[in-house]
Amino acid sequence: MEGCTLPCSYTPLPHEPLPAESTPARRRPPKKATLVVFSGLLMLGLFLAIINGYRDSDVHAPLDKLTSSMSFPSEPLQPVSRGLSAGVSEKSNPVLASVNAMSFPWNNTILSWQRTAYHFQPEKNWMNDPNGPMFYKGWYHFFYQYNPNGAVWGDIVWGHAVSKDLIHWLHLPLAMMADEWYDINGVWTGSATLLPDGQVMMLYTGSTNESMQVQNLAYPSNLSDPLLINWVKYSGNPVLLPPPGIDLKDFRDPTTAWYTSDGKWHIAIGSKVNTTGITLVYHTKDFKSFELLDGVLHAVPDTGMWECVDFYPVSKSAEQGLDTSVNGAEVKHVFKTSLDIDKHDYYALGTYDEKAHVKWVPDDPKIGIGIRYDYGIFYASKTFYDVRKGRRVLWGWIGESDSENADVKKGWASVQSIPRTVLLDTKTGTNLLQWPVEEVDSLRLSSKEFDKVEVRAGAVVPLDVDTATQLDIVAEFEIDKEALERTNETNVEFISCSTSGGAAGRGALGPFGLLVLADESLSEYTPVYFYVAKGADGNLKTFFCVDQTRSSEASDVNKQVYGSSVPVLKDEKLSVRLLVDHSIVESFVQGGRTCITSRVYPTKAIYEATRLFLFNNATEATVTCSLKIWQMNSAFIRPFHPDDHQHT
């Protein structure tokens with residue numbers, strides 16, 4: 001069988017419309033690859049029985065239909081809305097709130113397995129947006145929205161942790177409490193700015209005693225303390241009130257400030273006017289007195305409230321990050337916002353004329369709100385410039401997609417993504433590349449390699465990796481050249497991850513990929529896969545998707561199909577990197593052009609029962625796959641003790 005690379009023409013990433021709202025086989029050398037296929041064919045009957053069992057079902061069917069054959073005792077869920085009445089986005093699971101879902105009888109064994117091993121999360125309770133990340137005197141600082149009183153949103157203050165490498169963390173005392181009239185109803189999202197003279201300015205949104213959203217200033221009480229344990233709130237707070245024409249609950253989440261040639265610092269704040277999302281820009285000299293500039297940085301009708309706005313430069317030529325204040329001919333500026341109406345993050349590339357103060361022009365005038373950062377569960381993201389390594393680092397909040405009942409039982413909710421570096425994709429010029437920070441590689445333990453494993457149409461191949469709960473997987477796929485040539489052309493405009501039947505929707509050239517967080521009998525599994533189709537022009541269009549419809553037998557978890565098309569350039573193989581960490585799978589495709597973060601809640605595919613498979617559900621094409629798979633160590637995340645002076 002002769003492999004080949006895809007003869008693809010480049011097409012920009014799509015601007016999607018907003019929603020309405022078996023025993024593992026042993027590792028084999030390449031010359032024995034046929035034995036791998038044989039073992040996979042032995043499982044074909046089992047897999048096809050499972051696939052056929054839901055091939056004709058609607059992958060967007062209500063959860064009670066997907067699990068109607070279950071015999072577990074259950075009771076109806078009673079979802080509670082959290083956040084909206086306070087003036088922020090909905091913090092309860094929006095999908096489970098809209099269907100007649102039943103609770104699952106979770107037990108401690110299953111719930112304990114869900115806790116991640118190398119993603120950042122507090123010891124207990126609720127966490128959401130990343131706040132004020134920065135590097136200061138040898139330490140990475142990470143602040144986050146936190147409820148010290150429970151595993152649901154509410155009573156929000158700032159948690160604080162520090163790290164030497166963005167992987168191993170020490171929990172510090174809470175940084176800021178809700179203890180002043182201007183933040184008594186919540187110390188909400190904010191950003192840090194490091195000034196050239198060494199000062200640290202932290203601007204954050206407070207919800208006042210009358211639930212008005214205002215902007216406040218805080219700063220370290222002792223700049224010589226590398227841990228920045230104690231913070232002081234400015235006596236003149238609030239420094240900004242909602243301007244005329246802006247609702248009192250539509251004014252939040254200040255950005256990191258950038259410096260311009262007029263000698264002033266500029267910040268952006270998210271808002272809306274009627275249903276048009278907007279970004280306001282202010283400038284200041286001292287972070288205490290601000291002036292609202294005319295115009296808006298960006299505005300898009302019918303997108304609702306813009307939260308957690310971010311604005312930063314990326315280099316058009318160098319593979320390195322840029323300080324937030326950098327500008328010039330070799331720079332593009334990224335505008336990013338989190339949409340309250342659909343809980344997704346979007347970004348657009350453009351040019352910023354700092355002399356015109358608020359003049360940012362998108363590269364594509366039809367871009368609208370932009371491209372998704374991540375097609376899974378990823379929200380309220382924030383970047384910072386890492387002065388230590390000269391890189392732009394992105395954090396994102398990964399929420400839960402199970403029921404609030406389950407979160408309360410396990411005593412915690414939400415984690416943070418693995419920090420990602422952000423660069424402009426200079427090969428396309430139209431999108432960013434996101435990739436796990438290099439420090440995550442230090443967690444790699446033993447590895448296994450599989451070279452050119454052949455997976456025929458309809459086959460499933462088990463991979464001998466022992467347990468598969470903590471993995472780093474790098475894989476490349478090639479499609480049989482003859483299958484590419486004989487495949488008929490189709491209208492690719494009507495194909496998408498969510499409308500193509502998930503991993504069960506068979507096409508000539510896909511789906512094919514990996515089954516992660518699977519049990520041996522394949523009663524639970526999560527396909528992470530490519531789907532390729534030939535367009536009317538003869539060129540191939542590639543989609544990358546995650547199908548959660550068979551990820552868990554639990555009734556009170558979201559089971560959706562996520563994904564998007566991804567540009568694949570001439571002579572590029574189909575490549576993916578997966579970080580599997582218990583209940584999280586982070587997928588990075590084609591070097592990070594497209595990302596998907598998934599929350600997965602198996603009931604059987606846990607602990608030593610977790611397995612990994614290759615699969616190919618195409619009707620015509622054979623694919624070959626080469627993989628390297630590492631077992632991953634756990635990160636060192638614990639409370640910091642004052643006696644640990646050696647760390648400072």
Side-chain angles (χ1 to χ4, degrees), residues 13 118-121 127-135 140-145 161 163 165-167 169 189-194 253 255-256 258 268 270 307-315 319-324 326 331-339 343-349 370-399 414-425 431-441 577 579 581 584 586-598:
L13 286 165
Y118 57 88
H119 283 73
F120 177 83
Q121 62 184 122
M127 173 180 64
N128 57 292
D129 305 5
N131 297 154
M134 60 180 166
F135 181 79
Y140 291 103
H141 288 257
F142 183 72
F143 305 85
Y144 52 92
Q145 300 279 276
S163 173
D165 60 4
L166 292 172
I167 300 299
W169 293 91
T189 297
S191 302
T193 302
L194 279 66
D253 310 338
T255 65
T256 297
W258 64 94
E307 299 187 303
C308 303
V309 171
D310 203 2
F311 188 65
Y312 59 91
V314 289
S315 173
E319 291 188 1
Q320 64 183 37
L322 299 175
D323 179 85
T324 308
V326 171
V331 170
K332 286 184 180 290
H333 270 77
V334 178
F335 171 84
K336 169 263 166 182
T337 188
S338 301
L339 287 197
K343 306 302 179 292
H344 298 311
D345 281 13
Y346 296 81
Y347 74 89
L349 297 167
I371 303 166
R372 289 268 295 272
Y373 258 156
D374 190 296
Y375 287 85
I377 301 176
F378 187 90
Y379 192 66
S381 61
K382 184 176 293 295
T383 66
F384 76 101
Y385 176 64
D386 177 5
V387 296
R388 181 186 187 187
K389 292 196 171 184
R391 58 186 174 179
R392 172 71 50 177
V393 177
L394 169 70
W395 284 91
W397 167 39
I398 302 174
S414 305
V415 301
Q416 298 291 335
S417 68
I418 289 297
R420 306 172 179 179
T421 57
V422 180
L423 293 170
L424 177 68
D425 186 350
N431 57 270
L432 299 174
L433 297 176
Q434 302 172 58
W435 198 251
V437 293
E438 61 185 359
E439 289 89 341
V440 75
D441 296 0
R577 181 179 182 183
L579 294 177
D581 187 8
I584 286 182
E586 291 192 70
S587 305
F588 304 86
V589 190
Q590 300 307 114
R593 284 191 193 124
T594 294
C595 305
I596 304 177
T597 299
S598 311

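Only this structure's heavy atoms are used, side chains among them; waters, hydrogens and symmetry mates stay out.
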*Can you tell me how far the CG atom of N131 sits from the OG1 atom of T189, to the nearest 0.5 Å?*
4.5 Å
*Expected output: side-chain D345 to main-chain S381 donor-acceptor under 3.5 Å*: yes
*Under 3.5 Å, is there a donor-acceptor pair between the side chain of D581 and the main chain of Y118?*
yes
*Does D129 reach the side chain of C308, with side-chain heavy atoms less than 4.5 Å apart?*
yes
*Find the distance between OG (S417) and CZ (F378) and round it off to the nearest 0.5 Å.*
4.5 Å
*List the atom of Q416, the atom of N128, and the distance in Å for their closest heavy-atom pair.*
NE2-O, 2.8 Å
_Using a 3.5 Å distance criterion without hydrogens, assess whether the side chain of E586 forms a donor-acceptor pair with backbone atoms of I418._
yes
_For Y347 versus L432, what's the shortest heavy-atom pair and its separation?_
OH-N, 2.9 Å
*Distance (rounded to the nearest 0.5 Å) between N431 CG and L349 CG*: 7.5 Å
*asked:* Looking at every heavy atom in both C595 and F588, which two are closest together, and how far apart are they?
replied: SG-CD2, 3.7 Å
_Member of W397, F120, F135 meeting the ring pair (Phe, Tyr, Trp, His ring centres under 6.0 Å) criterion with F142_ = F120
*Passes side-chain contact (heavy atoms from CB on, under 4.5 Å), Y385 versus V326? Steps please.*
CA-CA 11 Å; Y385 176 64; V326 171; over 6 Å; no
*Rounded to the nearest 0.5 Å, what's the gap from CG on L322 to CZ on R391? Could you check?*
14.5 Å
*Short side-chain to backbone donor-acceptor contact, E307 and D253, under 3.5 Å*: no
*Is any side-chain heavy atom of R593 closer than 4.5 Å to a side-chain heavy atom of L433?*
yes
*Sole residue of I584, V440, I167 in side-chain contact (heavy atoms from CB on, under 4.5 Å) with H119*: I584
*Working to the nearest 0.5 Å, report the span between OG of S191 and CZ of F311.*
14.0 Å
*asked:* Applying salt bridge (Lys or Arg N to Asp or Glu O under 4.0 Å) as the test, list every pair that has at least one member in residues 375-384; sequence neighbours left out.
replied: none
*Ion pair present between D374 and K336, side-chain N to carboxylate O less than 4.0 angstrom?*
no
*Which atoms form the tightest heavy-atom contact between R577 and W435, and what is the distance?*
NH1-NE1, 3.2 Å
*Return the set of residues passing ring-ring contact (aromatic ring centres under 6.0 Å, His included) with F335 (not counting sequence neighbours), or none when no residue passes.*
H298, W306, W360
_Ionic contact status for R388 with E439, cut-off 4.0 Å_ = no
*Quick one: list whatever passes side-chain contact (heavy atoms from CB on, under 4.5 Å) with T324, sequence neighbours left out.*
T256, W258, R392
*Answer yes if the side chains of Y140 and D386 hold a donor-acceptor pair under 3.5 Å, and no otherwise.*
yes
*Taking all non-hydrogen atoms of both residues, which atom of F143 and which atom of G132 are closest, and how far apart?*
CD1-O, 3.4 Å
*What are the two closest heavy atoms between L579 and P436, and how far apart are they?*
CD1-CG, 3.8 Å
*Taking C-beta and beyond as the side chain, do F384 and Y312 meet within less than 4.5 Å on heavy atoms?*
no
_Value rounded to 0.5 Å, distance of CG in L339 from OH in Y379_ = 7.0 Å
